[in-house]
Structures are given as structure tokens and as C-alpha cells.
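Every chain is numbered from 1, with letters handed out A, B, ... down the list of sequences. These figures come from a predicted structure and were not determined experimentally.
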Amino acid sequence: MAKSGTPVLRFAPSPTGYLHIGGARTALFNWLYARRTGGTFRLRIEDTDRQRSTPEAIAAIFNGLTWMGLDWDDEPVFQFARAERHREIAEAMVARGHAYRAYDTAEELDAMRTRQKAEGKPVRSRWRDAGPNDATPDIAPVIRLKGPTSGETLVRDVVQGDVRFSNENLDDMVLLRSDDTPTYMLAVVVDDFDMGVTHVLRGDDHLNNAARQLQIIHGMGWPEPVYGHVPLIHGADGAKLSKRHGALAVEAYRDMGYLSEAMRNYLLRLGWSHGDEEIIPTAQAIEWFNLEGIGRSPARFDLKKLDSINAHYMRQLDEAALTTELMATAERLVPERKLGETIRARLNSAMGGLKSRAKTLLELNEAAEFLYADGPPILNAKAAQVLSPEAKALIKKFIATIENLPWESSELESQTKTLAEKEGVSLGDIAQPLRAALTGKTTSPPVFDVLIALGREEALTRLSAHAA
RNA sequence: GCCCCCAUCGUCUAGCGGCCCAGGACGUCGCCCUCUCACGGCGAAAACGCCGGUUCGAAACCGGCUGGGGGCACCA
């Protein structure tokens, strides 16, 4: 239950698909503000569209929010279950003279819409001013809002400022359908009131709706919530975010190897700022988040910047934790693969060198692949090219040199440098063949760190195999 | 068509009348470090959409234009 006097925020998705980037950011802002103010963050599933709402989508929303680390207070409210209450309010609106029953036929509705297009006048049924005795019983009526025809409705928006709508442009929207089911417009207002919502932070696309919703609120004499309409997120090309760009399920980003903390940081900075701060861990965000910092213009989604922030948080993680994340990623990618404790130790040992070479867990996984199995790695084309007969000869000399050395990075390195001098080659002339034989690739963490991570036995196995 | 919102480097943004011939970050390009690739360090190119006002002074305030976006259902 909400503590009295504290803000009540809500996130109210309709379960017709997954939780995408835009929804995730809206949820994040609401959550942040609730946490910041000691308020309540509630969840409402707007499942009144029975055709399009699915249990899978509901699960996807819960999972998405959970991955994002956005925990909600109280039990989620399911809008469809509250239809009776919505009907009750629709009737109350009629009783108060702020709504009316309209018995228009399909043809009449068509005519009204055509007129609306032509004259730019809002839809108003002829039943608006008819008495109850004029009812035609063979047509199931809808209940429409009886909006004022003059004056203006003011939306006091904390993000967009004061926005005025002339009432003559606002039409008599349907509140209750002819089958007695409530429309979204009605349900939102009633639910927000019943849930005690004090702040409505939602997408910009609802700004026009706010004026209409306010008319219901005024009709019922309910308190106005604080509105904040956050600009939408656009794709990289500036067009509306679609499935082509980034309107992927938020968990798709987990699968692409992003950390949820990085995602939170990135999404926060998309449309909100605190001076020049770029790296804002969640704990800091909770301290700083405010409504004033929300920008007014739409932002484009940019994967490059997400990459960079993600790289930061990956490096920030301690090596043991990152190793755990990496192993989970590796095993998710190849479910039949089982990485044991030996591999964990190897990964942990190499992690320092590995993590500065990856921006995502997927890249980290790729860089770490040579550590997942025993035996000589398969060479890629470049690595095969590096392993010339001369290179193989150098590897053999290297093996002979280090055979009796303590297995320690700096010792191995200094002895290799001595060997290089003796052979009249550069350190790189030896290091590259070693790297190729050890990892199967031409790029990796420093070779001496690789030797240590692999351990003497495994390293020598790989070197001898590829030097042959 | 009608209603509404927005407008600073390629991108995210700082700026709330003088601190700005505009700052930070990502990206890009150089250089340094270096066994590879990265990380890191240093440096560079890069923006106030246009036109009018207001003001001693405008990126900031006002108006118009242009350009983006959103909304106009018995969808949410």
C-alpha cells in the first residue's frame, strides 16, 4: 500500500507484445522517481483488448522488467478484471450529465467521420442533446463523453510545459462500447484514480489523450495527477522505432551480451541528463533522478554508445563475477557445453586481459573461446599463415628454452626476450607464432598471460602439436 | 486535412541573457604506449535549421518559416 503523501507511479503496458526499449525506458523513469522519492511503483497490465492480449506477452513483460532490475510494489493490476468498476463510472458520468448514450447506426457514424475529415470538426453524436425518450431500442448504445464545446483544457505537463487544447476540437469519445466493455480512455482514468496514482509518466504519444482523460477526471471531480510526457525514442535513422531498428524485446539485449546495469545507464541518459555526467550507476541514478532533467526532444537509439557504456560496466565488474557471467553466456549459447571448475580457473586467470578486449559478453565469449576446451585449437586462416616453417622452428626453440623455467609470466617473458636477441628476431616474431599455436588466432591477451592461464601442461601440448 | 509536441557537433547531450568565436560523452581521424588486438594517454575535425524582432548584449526570450515526430477508432 502507498505510504500516505508519497508519490504513486505506475507502468501500464498492454500485453500485446514484448517489452521493448521505449517501454523499458518509461518503466525505468517511473521506477527511478518512485525509488528516489520513497514512493510506490505499481504495475498495471492493460489487457482490455482481448483479441491481442496474450499470456505469453504478460510473461514477457514481467521477465523484461525483472531482467531490467525494475521491481514493482504491490500485486500487478489487471485491467480487464476491473470492467465492472469501469462500467460503474461510465454510468456515474451519465448521471452527472457528463456523458450520454448514443444510438447511432453504422451509417450515421460513417457520415460523422466523413464530416469530421471534411470540416475538421470533432465527432459529436446527435444524441448528445436528445432526451432519454428518443432512444431507439433496437440499437445497442455506447456511452460517449459529453465534453464542453467551448473553453480550453489545460494539461500541465512537467516535461512539455503547459499545453492547451481548445475544447471545440476534442470529440465526444466513446467511454463504454455497445457491448458494455470499457474503452482504454475510461479504464486508464478510473484505474489511475483507484490505484492512487499521483504521477503519470508515459510516452509522448499520449499527450493528446491527456486532455481527453482530464475531461473525465474533471467530470468525476477527481484530483488531477501530475503529467509528464516523455519524448519517444527513435531508430538510428530518425524514424519511429520499429522492429527493424531496436524495438526488440529488452531481453534481446541480454542475449546480445549487454549487462542490465549498462542498459539502465544508457536508457537513463537517453532523454535525461545531469550536467555532463555519463556514467551513472543505478544507485547514483536513484539519488539524482528528477523530473526537471527530462528532455523535451526525441532521441535516437545508438548501439555504439550502448557498447561503450557496457564495456565500462564489464570492466568495472570484478573478475570472478565477470567469469560467472561469461560462463552463463557461453552455456546459454551452446547448451550442451558444460564448463567445469578447471575452465573457470583458466577464465578467471585470463579475465584481466580478456575484459579490456570486449564490449559485450558475446565479444568476451568469442575472445575466450580458446580456453573452453583442451588440446590444440583449430587455426583460423591468419593464424595458419603465421605458422610458417620458420615460425615453427622458433616455437621449438621456445619450448626448449622454457622447459625448465618456473611458470611465471615475467620470467617467461624475460627469457623469451633473451631468446629473441640470440636468434636475431624481434619479440613479436616469437610471440605471434606462439599466439597462433596457443589460441588459433592472431589476436589475444598478451601471450605470456595466455601461457599462465592455460598452465604448463596444456600450453606445451598446444605448442608442440602446432610446431610439428 | 485538423490538433499537439520538438529543433545545439554524425549520435546522446550541457547551456536556463553576458562565464560560449559553445562544454562533455559516443563515434571518426591522427599520435603515444605496445608481442597482436584492445585498454589507457594526448590531440584533431565536427553543431546553435532559416528569417525577422526584443535587448547595450541572444544558442538562450517572442513571432514566422522550414524540417522532424506524435495523435485524430466502439486499439491500447
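- Pairing of B/A25, defined by two Watson-Crick or G-U wobble distances under 3.5 Å, is identified with B/U11.
- Among the atoms of the strands shown, base atoms are found under 4.0 Å from some heavy atom of A/Asn209.
- In this structure, CG of A/Asp179 is placed 7 Å from C1' of B/C74, rounded to the nearest angstrom.
- With both pairing distances under 3.5 Å, B/C50 is matched to B/G64 as a Watson-Crick or G-U wobble pair.
- Of the possible polar contacts, none joining the A/Asn310 side chain to the A/Tyr258 backbone as a donor-acceptor pair under 3.5 Å is found.
- When atom types are taken as modelled, the side chain of A/Glu423 and the backbone of A/Ala420 share no donor-acceptor pair closer than 3.5 angstrom.
- Between the P atoms of B/C51 and B/C26, the separation comes to 33 Å (whole Å).
- Using atom C1' as the reference point in both B/U8 and B/C20, the two lie 12 Å apart (nearest Å).
- Residue A/Leu145 contributes atom CG, which lies 13 Å from atom P of B/C74 at whole-angstrom precision.
- Pairing for B/C37 is absent, judged as Watson-Crick or G-U wobble with the two contacts each under 3.5 Å.
- With hydrogens and angles ignored, a donor-acceptor pair under 3.5 angstrom links the side chain of A/Ser178 to the base of B/C74.
- Applying a 4.0 Å cut-off to non-hydrogen atoms, none of the residues of residues 379-386 of chain A approaches RNA chain B.
- In this structure, the separation between CG on A/Leu412 and CG on A/Leu419 is 12.0 Å, given to the nearest 0.5 Å.
- When rounded to the nearest whole Å, the span between CZ of A/Phe11 and P of B/A76 equals 17 Å.
- Here A/His20 and A/Tyr18 keep their ring centres 6.0 angstrom or further from each other.
- Residues A/Thr48 and A/Thr181 have side chains not in contact (no heavy-atom distance under 4.5 Å, counting atoms from C-beta outward).
- Of the possible donor and acceptor atoms, none in the side chain of A/Arg296 sits under 3.5 Å from a partner among the backbone N and O of A/Pro231.
- Here B/C72 sits opposite B/G1 as a Watson-Crick or G-U wobble pair (both hydrogen-bonding atom distances under 3.5 Å).
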Tell me, for nucleotides 1-14 of chain B in 5' to 3' order, what letter each nucleotide earns: B for a base near a protein heavy atom under 4.0 Å, S for only sugar-phosphate near one, - for neither?
--BSSSS---SBSS
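- For B/C42, the paired nucleotide is B/G30, the pair qualifying as Watson-Crick or G-U wobble because both relevant distances are below 3.5 Å.
- Note that A/Arg25 lies in the cation-pi zone of A/Phe29, set by a 6.0 Å cut-off to the ring centre and a 45° limit from the axis.
- Atom-to-atom, CG of A/Asp171 to P of B/G71 comes out at 16 Å; the value is rounded to the nearest Å.
- Among the atoms of the strands shown, none is found under 4.0 Å from any heavy atom of A/Met173.
- Residue A/Val142 places its side chain closer to B/C74 than to any other of B/G27, B/C74, B/A76.
- Of all heavy-atom pairs spanning A/Val250 and A/Ile21, the tightest one is CG2-CD1, 4.4 Å.
- Nucleotides B/A76 and B/U11, compared at atom P, are 36 Å apart to the nearest Å.
- A distance of 10.0 Å separates NE2 of A/His234 from OG of A/Ser297, quoted to the nearest 0.5 Å.
- Closest approach to the A/Arg144 side chain among B/G70, B/C74, B/C26 is made by B/C74 (side chain taken as heavy atoms from C-beta onward).
- Of the P atoms belonging to B/G64 and B/A7, the separation is 16 Å, rounded to the nearest Å.
- On the P atoms, B/U54 is 49 Å away from B/C74, given to the nearest whole Å.
- When the P atom is compared between B/A59 and B/A22, the two are found 11 Å apart, to the nearest whole Å.
- For the pair A/Leu232 CG and B/G70 P, the computed distance is 7 Å after rounding to whole Å.
- With both pairing distances under 3.5 Å, B/C19 is matched to nothing as a Watson-Crick or G-U wobble pair.
- Looking at A/Ser150 and A/Asn167, their side chains never bring a donor and an acceptor atom within 3.5 Å of each other.
- In this structure, A/Arg50 forms a cation-pi arrangement with A/Phe80, its terminal cationic atom sitting closer than 6.0 Å to the ring centre and no more than 45° off the ring axis.
- For the pair A/Arg50 CZ and B/A76 P, the interatomic distance rounds to 11 Å; values are reported in whole Å.
- Distance CD/A/Glu408 to CG/A/Leu451: 12.0 Å, rounded to 0.5 Å.
- Side-chain contact, A/Arg212 with A/Gln215: no donor N or O sits under 3.5 Å from an acceptor N or O.
- If you check every strand for non-hydrogen atoms under 4.0 Å, A/His206 touches a base.
- Here the separation of B/C37 from B/C29, taken at their P atoms, is 15 Å to the nearest Å.
- In summary, A/Lys305 and A/Glu278 engage in a salt bridge, as defined by a charged side-chain N under 4.0 Å from a carboxylate O.
- When the C1' atom is compared between B/A58 and B/C16, the two are found 13 Å apart, to the nearest whole Å.
- Annotated as anti: B/C19, whose O4'-C1'-N torsion sits more than 90° from 0.
- Residue A/Arg202 places none of its side-chain N or O atoms closer than 4.0 Å to OP1 or OP2 of B/G70.
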One character per nucleotide, please: for nucleotides 32-46 of chain B, 5' to 3', B when the base has a protein heavy atom closer than 4.0 Å, S when only the sugar-phosphate does, - otherwise.
---BBBBSS------
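- Rounded to an integer number of Å, the gap from A/Gln51 CD to B/A73 C1' is 15 Å.
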